[in-house]
Amino acid sequence: MRIIRPLLLHLLSALVALSSFSAHAFTVDDNYYDLSGHFHYFVDETASKSLEDILSPEGQQRFQSSETSKPERNGQEAAIWLKLELDFAESRLLSPYVISVLINNFDDIRIFRPNTLDEYGPPVITGNSYSASQREVDHFRYSFYIDPRAERQTIYIRSQGMMDTYKLPWVLVEKQLFEQSDKRFRIINSLSIGTLLGVIILCLCIGLVLPSKMYLVYSAFLLSGLISVSNQDGLAFVMLWPNHPEVNYYITDTLLLALSLTRLITIMLFLDLATQFPRLNYWCKMWVWFLAAALMMAASYGLKPVSEVFGGILWALTIVLGFGVVLFAVSHKVKLAGAFLIILIIPLIGSFIQAAVSIGLLGVNTLGLQSAKIAFVIHAILFSVCLARQIQIQIDSRLVAQHDGLTGLPRMELAKDFFIQSKQLADENNWHVGVLFIDLDGFKAVNDSYGHNTGDALLVEVARRIQSCLREVDTVARVGGDEFMVIQTEIKDAEANAVVAENIIQALTPPFIINQKTINISASVGIALYPRHGGLLKELMKQADTAMYEAKDAGKNQYCIANMDFNVAGKTP
C-alpha cells in the first residue's frame with residue numbers, strides 16, 4: 001500500500017496535467033493569433049523554479065488559465081512561466097510561424113521548445129539584459145521561430161521584466177505575414193525618424209542662427225523624444241546600443257526625465273513665464289532644478305535602486321505641471337496657448353494607443369504599434385509651426401514697440417541702432433553723420449482749433465513729406481509729439497545737411513488738406529554733425545535741439561547749424 005498510494009497520486013497528477021493539456025490546446029489554422037487567452041500561466045515569485053520543476057506534476061497543477069484571469073506579481077523580480085499548447089492544422093504544417101512579444105520591457109526571456117521526441121533542450125535566451133546579436137529573429141521586437149509539426153507540442157516561456165510584462169502581450173504570426181508587417185514597420189520607421197531628424201536639424205540651426213534658447217531646448221526635447229519613442233518598441237536598442245545591454249538598465253528613466261525636463265523648459269520659454277507670470281516661473285524653475293538632479297542620477301546610476309517607477313512618477317508629475325501651466329496661460333488669454341495645449345495632447349494620445357495595443361486592450365495592427373512614434377512626428381511638426389508663429393509674434397511685437405504707432409516711423413531705440421551703424425561707416429570712410437532736429441511751428445494751434453484727430457492726420461502727412469526728402473540710406477524717427485529727428489549717413493560734405501534741411505522746410509511749406517480743412521504750418525530745424533559736435537547721439541541731439549530753438553528765436557521756418565565752440569546757432573545764409 002505504501003508503494004501503491006504514491007503511484008496513484010502521481011497517476012492522478014498526471015491525469016490532471018493531461019486534462020489541462022488537452023483542454024487548453026488550440027488548433028492553429030490561421031495566419032495570426034492573439035495569444036493572451038491561450039496561455040496557462042504560473043507566477044514564480046522567487047524566480048527559482050527550473051523547467052524540471054515546471055514539468056513535474058506539482059508544477060503542472062499550479063498553472064492557471066489566462067482565459068479567466070491574468071498573472072499578478074507580488075515582487076518585482078518574479079518570473080512568469082507561460083505554457084502554450086499548439087495543434088497545427090494539416091494545411092499549416094508547411095508554414096513556419098513566429099511568436100513575438102509586443103512590448104520591450106523584458107529583461108530575460110527564455111523559450112523552451114520540444115523536439116520530435118517531446119524532449120526539451122537548452123532554451124533560447126534573450127531580453128534587455130543580453131546583446132541584440134543574441135536574438136533568434138533579427139527584429140527589433142523579441143521574437144522566436146515556431147516550426148509546425150503534426151504532433152501536438154507544448155511550449156514554455158519564462159520571462160522576467162519590468163512593468164506590464166505580466167499582461168501577456170504575445171502574438172503568433174505566420175512567418176510570411178510577419179515579414180510583410182516588418183516591411184511596413186521599417187517604412188514607417190524610416191519616414192518617422194527621417195522627418196524627426198529633419199525637424200531637429202532645422203530647429204537646431206534656427207536656434208543657433210537667431211540665437212534662440214527656445215529652439216535649442218526644443219531641439220533637445222525632440223531628440224530625447226525620438227530616442228524615447230524608438231525605445232518603446234525596441235528600435236533604439238537595436239540601432240544605437242545593440243552590444244551594450246547594460247544601457248537598458250537606466251535608459252528608460254533617463255529618457256523620461258530628459259523628455260520631461262526639456263518639455264517643461266520649452267513650455268516656460270514659449271509662454272514667456274519669466275515676464276508674464278514671474279511667481280509661477282519661480283516654482284517651475286525649482287522643479288526644473290530637481291528634475292535636472294534626478295536626470296543626472298538616472299544617467300549615472302539608474303533609478304531602479306530607488307523605485308522601479310520613480311522615473312515614471314516624475315514624468316507624470318511633470319506632464320501634469322506642464323498642462324497646468326498651459327491651462328493657466330489659456331485662462332489668462334496668452335497668445336497661442338490654446339493651440340499649444342492641443343499640440344501637447346497629441347503625443348500622449350499616441351502613447352496611450354500604443355500601450356493599449358501592446359497589452360491587448362485594442363486590436364493589433366501596424367499603425368497601432370507605431371502610434372506613439374507617428375503621433376510624436378505630428379506633434380513635432382505642429383509644435384515647430386507653433387514655435388515659428390510665436391517667434392513671428394515676438395518679432396512683430398518688437399517691431400511695433402520700435403515703431404511709432406501713428407506714423408509708422410522708427411522710435412528712439414531703432415534710431416540709436418541706426419546711428420551706431422552710421423557712426424561705424426563714418427569712422428571707416430572719413431564721412432560725417434548728420435542729426436537734424438525738426439519741430440513743427442504752430443502745431444499746438446492746430447490741435448486746439450481742429451482737434452486731436454486732425455492733428456494726428458497732419459502728423460502722418462508731415463512724416464510722409466519728410467521721408468520724401470531723404471535718401472534710402474537716411475532715416476527719420478518721431479521723438480516727440482510734433483518733433484522729428486533725421487539721421488543722415490554717408491555725408492562727405494558737411495554742408496550737405498543744410499540742403500536736406502532746406503528741402504524739408506520747403507516740403508512742409510505748401511498747405512495741407514486734412515479732413516477737408518486747409519492747414520498751414522512750418523518747421524524749425526537744428527543741425528549737428530558727428531564728429532564735429534559730439535561722439536554720442538545724446539550729445540548730438542542736445543546740440544541739434546539747441547540749434548533748433550535758435551532757429552525759432554530767429555523767426556521760425558528756417559534751420560540753424562550748431563556751433564559747439566561758441567554754443568550759438570550758426571545763422572542760415
Side-chain angles (χ1 to χ4, degrees), residues 399-426 431-444 455-456 458-491 494-509 521-554 556-564 569-570 572:
L399 289 175
V400 169
Q402 292 174 341
H403 287 77
D404 178 50
L406 177 63
T407 63
L409 296 179
R411 294 184 186 271
M412 279 301 302
E413 182 180 354
L414 282 182
K416 290 177 182 177
D417 293 339
F418 184 78
F419 174 77
I420 292 173
Q421 297 172 9
S422 301
K423 180 179 175 181
Q424 291 174 348
L425 288 173
W431 291 339
H432 298 277
V433 178
V435 176
L436 283 65
F437 209 91
I438 306 166
D439 185 83
L440 302 183
D441 303 323
F443 180 75
K444 184 177 183 303
D456 289 344
L458 176 62
L459 289 174
V460 172
E461 183 61 23
V462 167
R464 187 191 66 79
R465 292 193 186 184
I466 293 176
Q467 285 180 304
S468 68
C469 300
L470 305 179
R471 301 168 299 170
E472 291 184 0
V473 294
D474 302 329
T475 190
V476 56
R478 186 184 177 197
V479 296
D482 61 339
E483 295 176 333
F484 299 85
M485 178 177 65
V486 171
I487 298 178
Q488 286 185 278
T489 186
E490 299 183 16
I491 300 174
E495 304 304 321
N497 296 92
V499 176
V500 174
E502 287 179 351
N503 291 339
I504 291 174
I505 292 171
Q506 291 175 8
L508 298 180
T509 299
I521 61 169
S522 62
S524 298
V525 182
I527 303 173
L529 290 171
Y530 169 82
R532 180 188 299 178
H533 299 116
L536 301 176
L537 180 59
K538 183 178 180 180
E539 297 173 346
L540 295 171
M541 287 179 64
K542 183 177 179 180
Q543 293 293 323
D545 184 58
T546 301
M548 181 270 294
Y549 277 107
E550 292 290 343
K552 280 186 177 292
D553 293 341
K556 302 180 181 179
N557 196 33
Q558 58 182 302
Y559 69 87
C560 289
I561 300 175
N563 188 322
M564 194 172 183
T572 62

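Start at 1 with the first residue, then count along the sequence.
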Minimum heavy-atom distance [X]-[Y], with the two atoms named:
X: M541; Y: F437; result: CE-CE1, 4.1 Å
X: R411; Y: G405; result: NH2-N, 3.7 Å
X: A544; Y: V435; result: CB-O, 3.8 Å
X: C560; Y: A547; result: CB-O, 3.4 Å
X: F418; Y: V473; result: CZ-O, 2.9 Å
X: I505; Y: A523; result: CG1-O, 4.0 Å

Can any side-chain N or O of H533 pair as donor or acceptor with the backbone N or O of A562 at less than 3.5 Å?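 Flag set: sc H533 to bb A562 pair under 3.5 Å.
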Donor-acceptor pair, distance only, cut-off 3.5 Å: does the side chain of Q558 make one with the backbone of A554? yes
Are [X] and [Y] packed together at the side-chain level, in the sense that at least one heavy-atom pair is separated by less than 4.5 angstrom?
X: V500; Y: L470; answer: yes
X: I438; Y: V462; answer: no
X: I521; Y: F443; answer: no
X: M548; Y: L436; answer: no

For the [atom1] atom of [X] and the [atom2] atom of [Y], what is their distance to the nearest 0.5 Å?
X: K538; Y: M412; atom1: NZ; atom2: CE; answer: 10.5 Å
X: L409; Y: L414; atom1: CG; atom2: CG; answer: 11.0 Å
X: I527; Y: L540; atom1: CD1; atom2: CG; answer: 12.5 Å
X: H432; Y: Y530; atom1: NE2; atom2: OH; answer: 11.0 Å
X: L508; Y: L440; atom1: CG; atom2: CG; answer: 6.5 Å
X: I561; Y: E550; atom1: CD1; atom2: CD; answer: 13.0 Å

Keeping to residues at least two apart or across chains, list the side-chain hydrogen bond (donor to acceptor under 3.5 Å, both in side chains) pairs with something in residues 413-424. Q402-E413
Indicate whether the side chain of D441 and that of S524 have a donor and an acceptor atom separated by less than 3.5 Å. yes
Between K542 and D545, does any side-chain N to carboxylate O distance fall below 4.0 Å?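 No, no charged N to carboxylate O under 4.0 Å.
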NZ (K556) with more than 12 external heavy atoms under 6.0 Å: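 Not buried by this count: 12 neighbours or fewer within 6.0 Å.
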All N/O donor-acceptor pairs, side-chain side in residues 476-491, below 3.5 Å, sequence neighbours left out:
from, atom 1, to, atom 2, distance (Å)
R478, NE, G480, O, 3.0
R478, NE, G481, O, 3.4
R478, NH1, D404, OD1, 3.2
R478, NH1, D404, OD2, 3.1
R478, NH2, G481, O, 2.9
Q488, OE1, N497, ND2, 2.8

